[in-house]
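In listed order, ligands and their atoms are each counted from 1.
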Amino acid sequence: MKKGKADCSIFQPIYLSSIANKFAICMGIKMKEYKGIIFDLDGVICFTDHFHYLAWKKIADKLGVYFDEVINNRLRGVSRMESLEIVLENYDKPLTEEEKVKLAEEKNDYYKELLKDMTTADLSEEVKETLVKLREKGLKLSIGSSSKNTKFILERIGLSDFFDAISDGNNITKSKPDPEVFLKAAEYLNLKPEECLVVEDAFAGVDGAIAGDFDCAALGDAARYEKATYKLNGFDDLLTVC
Ligand SMILES: O=P(O)(O)OC[C@H]1O[C@@H](O)[C@H](O)[C@@H](O)[C@@H]1O
Ligand SMILES: [Mg+2]
């Protein structure tokens with residue numbers, strides 16, 4: 001344990017999952033000194049949910065299957081093929097593996113068309129400035145995303161060369177909630193899981209981080225998940241945790 005800043009007011013936006021953590025932080029004691037941070041991409045660094053929704057909706061409409069934003073929220077952190085299985089939950093005709101792959105490809109083609117509208121304006125000032133400050137603190141920074149489109153998205157928002165490592169849907173065999181994507185990211189950073197903090201917006205992502213022995217800072221919907229180590233109100237709250 002290392003002594004942090006004595007002024008606990010700077011930590012107030014953060015609601016910690018355990019009383020022990022909360023007590024330690026208010027006493028000015030940081031529970032951990034992280035060496036690296038592994039960021040989920042979709043829903044953490046930028047927002048692609050609506051593009052996923054539109055692309056899956058097109059497939060669902062073609063099949064005549066009901067699909068809405070609530071179902072779309074269940075796809076967060078889940079791989080493309082597993083997402084398709086969720087979309088097909090209300091579809092009663094059998095599909096071959098080949099037909100499923102074709103549907104997933106069709107969804108991805110449309111999704112990528114929509115991603116082309118993303119620009120550097122889709123990276124918020126808050127995220128950009130926080131990333132730079134975390135880097136200045138000497139932390140190693142990696143992406144840990146289930147998406148096979150990670151590099152394409154990073155390019156669109158102007159972060160192609162920013163991260164020290166990228167672990168994504170292209171280098172894993174098991175999607176979140178399996179910890180593989182985060183374990184690979186830690187390996188690429190040359191760090192142990194206990195030296196890294198994972199930042200996630202999906203329940204599946206928090207589960208994956210905890211299963212891999214990482215601490216996890218949760219944002220958005222996942223911030224109400226009791227398994228998260230830290231529950232953040234905003235991305236810049238990371239500056240008080242790290
Ligand atoms: O189809 P892609 O870009 O490989 O994405 C896979 C998954 O990537 C995750 O980041 C998204 O939260 C999921 O919704 C998505 O299904
Ligand atoms: Mg996400």
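- If you check the side chains of T48 and D42, you find a donor sitting under 3.5 Å from an acceptor.
- Looking at D201, its N, O or S atom nearest to the Mg ion (ligand 2) turns out to be OD1.
- Among protein heavy atoms, the minimum distance from atom 13 (C) of ligand 1 is reached at L75 O, 3.2 Å.
- When distances from the Mg ion (ligand 2) to the N, O or S atoms of D42 are compared, O comes out shortest.
- A cation-pi arrangement is absent between R224 and F203 under the rule of less than 6.0 angstrom and at most 45 degrees off the ring axis.
- Here is the list of ligand 1 atoms found below 4.0 Å of a heavy atom in S83: 16 (O).
- Scanning all protein heavy atoms for the shortest distance to atom 9 (C) of ligand 1 gives D42 OD2, 3.4 Å.
- The aromatic rings of F214 and F182 sit perpendicular, their planes meeting at an angle over 60°, well past the 30° parallel limit.
- For H52, every heavy-atom contact with ligand 1 shorter than 4.0 Å involves the side chain, none the backbone.
- The G77 neighbourhood of ligand 1 comprises atoms 11 (C), 12 (O), 13 (C), with distances under 4.0 Å to a heavy atom of that residue.
- Not one N, O or S atom of E200 sits under 2.8 Å from the Mg ion (ligand 2).
- Note on ring orientation: taking the six-membered ring where Trp is involved, the planes of Y34 and Y230 are perpendicular (angle over 60°, cut-offs 30° and 60°).
- Close contacts of ligand 1 with S145, meaning ligand atoms under 4.0 Å from a residue heavy atom, involve 10 (O).
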*For the pair I37 and V198, evaluate side chain to side chain contact (heavy atoms under 4.5 Å, CB included) and give the outcome as yes or no after the intermediate values.*
CA-CA 6 Å; I37 310 183; V198 168; over 6 Å; no
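- For the Mg ion (ligand 2), the nearest N, O or S atom contributed by D40 is named OD2.
- Under a cut-off of 6.0 angstrom, the local environment of NZ in K102 is sparse, with at most 12 non-hydrogen atoms contributed by other residues, nucleotides or ligands.
- A cation-pi geometry, defined here as NZ or CZ lying under 6.0 Å from the six-membered ring centre and within 45° of its normal, does not hold between K231 and Y225.
- Checked against a 6.0 Å centroid threshold, the rings of F67 and Y91 do not count as neighbours.
- Note that the OG1 atom of T150 and the CG atom of D168 stand 4.0 Å from one another [nearest 0.5 Å].
- For ligand 1, the atoms closer than 4.0 angstrom to any heavy atom of Y111 are 3 (O).
- Scanning all protein heavy atoms for the shortest distance to atom 4 (O) of ligand 1 gives K148 N, 2.7 Å.
- Remark: minimum distance from atom 1 (O) of ligand 1 to any protein heavy atom is reached at R80 NE, 2.7 Å.
- The closest protein non-hydrogen atom to atom 7 (C) of ligand 1 is V78 O, 3.1 Å.
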